[in-house]
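Just follow the structure's listing: the first ligand is 1, and inside any ligand the first atom is 1.
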Amino acid sequence: MASRTPTIGGNWKMNLHLQDALDLATGLADAVTGAGVQVTVFPAFPYLMPVASVFANKHSPIRVGAQDCYHQPNGAFTGEVSLSMLQDVGCSVVLIGHSERRHVVGEADALINQKVHAALDAGFEVVLAIGELLEQREQGMTDFVNYGQVCLGLAGVSAEQMARVTIAYEPVWAIGTGKTATPEDAQQAHAAIRGCLKGIYNDETAQAVRIQYGGSMKPGNAGDLLAQPDIDGGLIGGASLKVEDFAAIIDAAAGVTA
Ligand code: 13P
């Protein structure tokens with residue numbers, strides 16, 4: 001896995017209520033040492049601060065990130081959350097362009113690009129999520145779709161800023177479906193994404209960017225996926241809601257680098 005420190009994210013999506021979130025955070029803080037792996041969880045907005053407090057009180061290295069942000073600093077944007085609000089509640093990582101934002105809410109690449117710029121300008125780390133739909137894969141358009149989402153999402157982002165960007169490749173057909181890309185298919189897509197980054201930036205920048213895989217990653221398949229040379233971690237939905245499963249995936253990531 002080159003020299004890139006693996007990064008594992010737990011996207012809690014619109015799941016859990018306060019006590020569940022606190023219990024999960026407490027369990028994770030007890031189970032996860034974080035040695036050799038960067039771990040971030042993405043709770044729903046109302047639980048960012050209480051979950052961050054659990055990790056702080058337990059001196060856990062687990063970080064808290066937001067599932068989305070808005071690019072405007074303040075004003076008449078009902079229902080949106082600004083980056084400075086996220087900073088107020090102890091958050092410095094933000095997920096942008098998740099497939100559920102793209103395909104359920106209808107976010108376009110131009111908005112995603114505005115969010116990426118706003119987040120980087122505010123000093124955040126960004127996890128930019130990309131990935132193809134099933135019909136796009138079946139039409140042989142996987143790399144084409146990924147290139148488009150990378151190029152449009154990162155338009156105007158400098159090579160220097162890329163040090164704070166992680167790409168999450170999440171084939172939409174694998175999210176929450178129990179269908180996982182084979183390690184070979186995922187590796188092929190990741191290598192192509194890295195090639196795209198090399199084209200936009202340069203080899204050094206492309207080699208340094210971490211590319212996470214997401215889509216039905218579980219303890220049973222994490223090891224084989226994470227062993228691929230261009231898979232630098234995972235972004236996990238369902239399996240991140242159970243302490244044992246999420247901890248096992250983190251252990252698999254640590255094992256790959258050990
Ligand atoms: P699942 O792990 O539930 O497939 O979700 C993946 C995901 O969307 C993470 O962002």
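For Glu170, there are no salt bridge (Lys or Arg N to Asp or Glu O under 4.0 Å) partners two or more places apart in sequence or in a different chain. Among residues two or more places apart in sequence or in another chain, the salt bridge (Lys or Arg N to Asp or Glu O under 4.0 Å) test is passed with Glu107 by Arg101, Lys115. Annotation: side-chain hydrogen bond (donor to acceptor under 3.5 Å, both in side chains) contacts of Gln136 (sequence neighbours excluded): none.
At a cut-off of 3.5 Å, with distance as the only test, a side-chain donor of Asn221 or Thr180 sits close to an acceptor on the other residue. One side chain, Trp173 or Glu132, offers a donor N or O that lies under 3.5 Å from an acceptor on the other.
Listed by chain and residue number, the protein contacts of ligand 1 are Asn11, Lys13, His98, Glu170, Ala174, Ile175, Gly176, Gly215, Ser216, Leu235, Ile236, Gly237, Gly238 (heavy atom within 4.0 angstrom).
The main-chain N or O of Phe42 is found under 3.5 Å from a side-chain atom of Gln67 such that the two form a donor-acceptor pair.
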